[in-house]
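What you see is a predicted model, and the numbers here were worked out from it, not measured in a lab.
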Amino acid sequence: MALGDLMASRISQSSLAVVSNHLDDCSSSNHDDDGDLISLRRDSEVASSSYANAAVTTATTMVYLPQTIVLCELRHDAFEACLPAGPSDTGLVSKWRPKDRMKTGCVALVLCLNISVDPPDVIKISPCARMECWIDPFSMAPQKALESIGKTLSVQYERWQPRARYKVQLDPTVEEVKKLCSTCRKYAKTERVLFHYNGHGVPKPTASGEIWLFNKSYTQYIPLPISDLDSWLKTPSIYVFDCSAAGMIVNAFTELHDPSGSTRDCILLAACESHETLPQRAEFPADVFTSCLTTPIKMALRWFCKRSLLRESLDDSLIDKIPGRQTDRKTLLGELNWIFTAVTDTIAWNVLPHDLFQRLFRQDLLVASLFRNFLLAERIMRSANCSPISHPMLPPTHQHHMWDAWDMAAEICLSQLPALVEDPNLEFQPSPFFTEQLTAFEVWLDHGSENKKPPEQLPIVLQVLLSQGHRFRALVLLGRFLDMGPWAVDLALSVGIFPYVLKLLQTTTPELRQILVFIWTKILALDKSCQVDLVKDGGHTYFIRFLDSLEAFPEQRAMAAFVLAVIVDGHRRGQEACIEANLIHVCLKHLQSSTPNDGQTEPLFLQWLCLCLGKLWEDYIDAQIIGLQADAPAVFSSLLAEPQPEVRASAIFALGTLLDVGNDSSRDGVVDDDCDDDEKIRAETSIVGSLLSVVSDGSPLVRAEVAVALARFAFGHNKHLKSIAAAYWKPHCNSLLSSLPSLAHIRSSGNAYTNSNQHMPHGSIVSSQIGPLLRFGNENSTLVRDGRVSTSSPLANTGMMHGSPLSDDSSQHSDSGVLHEDVVSNGTVNHSRPKPLNNALYSQCVLTMCALANDPSPRIASLGRRVLSIIGIEQVVTKPVKASSSGLKPTDGTASSQPPSFAGLARSSSWFDMNGGHLPLTFRTPPVSPPRPSYLTGMRRVCSLEFRPQLMNSPDSGLADPLWGSGGTSGTSERSFLPQSTIYNWSCGHFSKPLLTVADDGEEIFTRREEREKFALERIAKCQHSPVSKLNNNPIASWDTKFEMGTKTLLLQPFSPIVVAADENERIRVWNYEEPALLNSFDNHDFPDKGISKLCLVNELDDSLLLAASCDGNIRIWKDYTLKGKQKLVTAFSAIQGHKPGVRSINAVVDWQQQSGYLYASGEISSIMLWDLDKEQLVKSIPSSSDCSISALSASQVHGGQLAAGFFDGSVKLYDARIPEMLVCTMRPHVQKVEKVVGIGFQPGLDSSKIVSASQAGDIQFLDIRNQRDRYLTIDAHRGSLTALAVHRHAPILASGSAKQLIKVFSLDGDQLGTIRYHPTFMPQKIGSVSCLTFHPYEVLLAAGAADACVSIYADDNSQGR
């Protein structure tokens, strides 16, 4: 299957999976309740079909198990814990790139043959090897033969390095060799010099490593020490010694350099060991070593023929007539040379260490050729009991099994030789060698992995790319290999794949386009440094054309966009080249043509179009101007509602990089003609407006990008933002507190005066203390009147105070800040470029920054604090002081509602500390601050907007200058401290992972899911059909949670004996009630407010996640929460936005609906927020249609989109998000005594019309929405003080709890099944005031939490019997 087809099928599978994720929700969205019921039953039959043989099948046809899984994408994998790294351009991954490519610039050939005079230490046999360079020296006059041999040797070397300068010395003296060496080094400069020595006419080298030359009259042999030769040739150099006992020279050379630890770049090739003599058999040439190095094919075939079955039909003369050229692979000689190169490369790559292979086979073309041929020399000469050696030394390769493949290929080719010589017009039949090797590679791909031995055919795949016939298959297989992971890409690059695939970008073959784009995606996902090569070779245009073509799949075009993004990432030449190639307009065109919810629009494609554009104009003003002129902000704004968080985050990244950071030294004083200030202001207003619209997005990935983009905006406009912030923090005293997010709801009671070293009791803050600190202007202005705060403020007048995500209440959790003042003269700030936008926008930005600084996600909060520091507001965060250790006594029930944490307005420079203290900071006294002590240095506003006690001992030191003022640091160094975007690096991780294969653990996950479904169905059947006679008073387990303020909420895990509990301080504890043992204990967050209102399990049939909903409306979702200390935050967001004016606390109520993937949240607001956790997006806001707030919420676990709500006025409403009007009905069942609804729930089964509602007054009402006027059953469970209600999901049972230390259990018919009053101890002690109740989802188990911190678990009699 071609890679393109493989990718296509993979894409279709993944998109189908996404569709099926919401299939159940969509299939029933347009039907009435009966139709909905039928579809659900049918779905349940499908879900349980795999258990057809189980005895409970018929009983469970009325059960629906949700198939939706959420929050399991790449972005949820420890978002808080780690910063992903994008493609690297340094370090380990660039090792494949030869550090410094080299060239052999000069070749010195020294032949000491002294033809017709044998050296004294050699006794020759007869017949004896005679040939030198395939010339018989006795076939002509000695001098002529010498010259002919020298010239031939030069020609043979030129075949391997034609551009080098060749110098030959025949039978030279020492002086001539010295002059030759000096000349060669002078000419070569820093390039390599090759010194070839043929010593067949002189004695063997001496033990000290001297080689022999002649005197002028040829009457004496003159020794030349290797040290002299080395000093003349210097480095880099390569020596070839073709003489007997050549190992002597290598030994002397290594002794010369090794003691000094020198890393001189000298390579030596020697014909034999120090104790060996060259072969003299007549079948070999006399210079067999040189022949192997310079004419390997001829030498290999002659040697092979004498050992082959072909020796009868082939003789040496025929081998010399092999037709073709070595450089033409379509000829016999060319094919043999090509196969030989592939075989020797493969042997070397499989046998040599990585670094040595790079140095010898990839750095220098001539050296690589000589070493490939050296492997042949070792094979041939070892057959004659002679062992060639080298420095650096190579492991033995003469018996490598790839030589068998060479022999076979050579035999197949040579078998055609007689016919081809006889008939030159005969067509040559190529060898099956490469086809067979590709098949072997394919077999490895089917069964290999990172942990197994690498595929030895990789160098052959490289060679195959040279052939048009095999190229497509080779590229597809190479693509499959690269997809196995970064290790595979690194291997391929180290083999030398890079120049080949770079050259292929110049081809226009259409079928290669998809696979080449895929291969380059994999390469650039590993190593960004290739961007330079691509731009230099014009490769970027290839990808722009592919991106603009409509034939390819969108996911493949996304890869082209990724490649282009890497090309322009931090690379100015790449940015310029892509702008010249019109990349901006190509990307914008495809972004504009994409329509929402279009099946053809691949989110990955949109994501990478945005990231590509963002990188293209990042810190490049010319590109930003082109983008603004093309109305890019409007294009990106339309993407901010896309269902995929990655697309939204990428669009924000692109918008953020369009903002000019300012302070660019190259632009100081320069006015742009192309884009005037008014246009720029309009564009920036549009961009910032878009950013503010998504600051409450459900995905931390998106909010992180908003924070980074706002930091860029704050950097460019920090003077104006600081002046706005200064206006809030000081002179307008009568509007100060209401306009300042941190001080908006100060309450005063009493006139206690507190000095700076005392604890400040709660509620003792009055105008007399605030005045000296904050009242700089009119002494007569009153800050606090009658314990209330004035509401006239710049913000209130802008219409931004209430009812929007950016209103004061959305940032109500903000820490207070210290304003670092800028230079203010006469109350005005000197503005420089850029021109200010309108103040309302700046006001919104300041509020948004405060909201981000208090984000439920720690990483976003950290980013938000960095943004605030840019505009001079210093956030101070301190660890909470728990109520029990603060020394305070609770006052009539109010202490429990106070935030147990505080931080301060501190005159510190934690931004400076955060950066290691390397930045110059100047300190000075504020111009208008009176010289009085700092009274409120420890002030922080938390959710309740009230002050907490804090030890105040900070001396008055004046306010610090902001980091970003006109200090001594340059714009560039200041800019380097801006928070950096992570979406680009995060998104790059997608392409590092396998794209063509499904994850190996899919089968395991499916099996576990099946087992859990089977378990659930069996247990549900027992719940539905086994009567609950009585709930036993004696708990099966009791657990002292050690919670100081009692248990706030509980959760029982469905598939393990685990209970999860949480308290007012948002401490979560996980307990195994069978062992029993505490498994884990952790804080939901560092600054808890009023406890956790609800715990839910997300994906309970799979790897479940723990959803913790705080009373302030913040949602945090944890994974690995049962492992001690290993819990990880998957996502966090604020589920409630824009609550009612004047409301001090939210009292959030939430519920989770697995089937639809919806989270419902409400509280002190006039609507129910409907969040889609798959999209991590607020998809609907359902109006509550009531003047009072919701006190209880329950989502149907059967019908997606359906929920019931109970209100503070005792009314009950049923909603259905699938119908346009959304409100189904309203009922008022609690009429005897109107109090708030404490608990509400759907009755067990698939019937969505029956609801149970419990009032604080103590009555439980059974309702049927088909008869809205009347409740069909009432249980007077408690006389007032009902605090908790739990309805079992499947069993006909419910339980209620009372503050009067009582739990009652009822059947759905109203029969009381049990009463729990006492702990089963020797001296029975009453249970605590009941705070929460919950049933096990699939068993009759009831968990109860109370104010006395004890959690008990009760079972029915049948369960205990079992």
Side-chain angles (χ1 to χ4, degrees), residues 70-71 76 79 643 645 648 693-703 706 803-807 809-814 848 851-852 854-858 860-861 943 1048-1049 1051 1062 1066 1068 1084-1085 1087-1098 1105-1118 1129-1140 1143 1145-1154 1156-1184 1189-1195 1201 1203 1205 1215 1217 1222:
V70 297
L71 303 175
H76 303 121
F79 170 79
R648 302 198 297 273
S693 71
V694 286
V695 74
S696 304
D697 194 277
S699 171
L701 199 64
V702 177
R703 300 197 305 279
V706 173
S804 80
L806 299 165
S807 62
D809 44 44
S810 74
S811 53
Q812 63 163 336
H813 326 302
S814 71
T848 300
L852 285 170
N854 296 280
D855 195 274
S857 161
I860 313 297
C943 184
K1048 185 82 186 272
T1049 181
L1051 175 76
E1066 303 207 28
I1068 296 173
N1084 190 37
H1085 66 123
F1087 297 103
D1089 189 2
K1090 286 194 182 152
I1092 291 176
S1093 67
K1094 183 84 178 239
L1095 292 173
C1096 302
L1097 270 190
V1098 177
L1105 307 171
L1106 180 68
L1107 185 151
S1110 302
C1111 289
D1112 59 5
N1114 286 337
I1115 306 293
R1116 292 174 179 84
I1117 298 178
W1118 299 88
L1129 190 61
V1130 173
T1131 187
F1133 63 97
S1134 179
I1136 295 181
Q1137 294 154 15
H1139 54 277
K1140 295 174 181 176
V1143 172
S1145 61
I1146 295 175
N1147 295 323
V1149 286
V1150 302
D1151 204 10
W1152 162 246
Q1153 193 173 56
Q1154 182 74 44
S1156 59
Y1158 289 160
L1159 178 81
Y1160 303 95
S1162 191
E1164 302 288 349
I1165 57 174
S1166 55
S1167 58
I1168 301 167
M1169 302 283 184
L1170 193 158
W1171 293 86
D1172 186 326
L1173 286 200
D1174 190 41
K1175 301 173 181 175
E1176 295 185 64
Q1177 204 172 27
L1178 180 66
V1179 289
K1180 269 181 190 167
S1181 181
I1182 305 173
S1184 62
S1189 303
I1190 293 174
S1191 57
L1193 198 64
S1194 177
L1203 70 150
Y1215 302 91
M1222 291 191 273

For the residue pair W1118 and L1129, establish whether any side-chain heavy-atom pair is separated by less than 4.5 Å. yes

Report task. Just do the side-chain contact (heavy atoms from CB on, under 4.5 Å) check on V1098 and V1130 with the steps written out, would you? Result -> CA-CA 11 Å; V1098 177; V1130 173; over 6 Å; no

Review point. Taking N1084 for the side chain and E1066 for the main chain, is one N or O donor matched with an acceptor at less than 3.5 Å?
Key: no

Query raised in the report: Going through the distances and angles, do L1106 and L1051 end up as a side-chain contact (heavy atoms from CB on, under 4.5 Å)?
Result: CA-CA 9 Å; L1106 180 68; L1051 175 76; 3.5 Å; yes

**Asked** Any sub-3.5 Å donor-acceptor pair from S1110's side-chain atoms to D1112's backbone N or O?
**Response** no

Applying side-chain hydrogen bond (donor to acceptor under 3.5 Å, both in side chains) to Y1215 and not counting sequence neighbours gives none

Residues at least two apart in sequence or cross-chain that pass side chain to side chain contact (heavy atoms under 4.5 Å, CB included) with L1178, listed by chain then number, are Q1137, M1169, W1171

The side-chain hydrogen bond (donor to acceptor under 3.5 Å, both in side chains) partners of S1167 (sequence neighbours excluded) come to S1181

For Q1154, the side-chain hydrogen bond (donor to acceptor under 3.5 Å, both in side chains) test, sequence neighbours excluded, returns N1099, W1152

Those residues at least two apart in sequence (or on a different chain) that pass side chain to side chain contact (heavy atoms under 4.5 Å, CB included) with A1109 are S1093, K1094, L1107, I1115, V1150

Exercise. Please assess D697 against V706 for the test side-chain contact (heavy atoms from CB on, under 4.5 Å), listing each intermediate value before the final yes or no.
Key: CA-CA 10 Å; D697 194 277; V706 173; over 6 Å; no

**OP:** Assess whether side-chain contact (heavy atoms from CB on, under 4.5 Å) is satisfied between E1176 and T1131, documenting all intermediate values.
**Re:** CA-CA 9 Å; E1176 295 185 64; T1131 187; 3.4 Å; yes

Please answer whether the main-chain N or O of S1166 pairs with a side-chain N or O of S1184 as donor and acceptor at a distance below 3.5 Å.
yes

Residues at least two apart in sequence or cross-chain that pass side-chain hydrogen bond (donor to acceptor under 3.5 Å, both in side chains) with D855, listed by chain then number, are R703

Q) Can you tell if the side chain of L1170 reaches within under 4.5 Å of the side chain of L1203, non-hydrogen atoms only? A) no

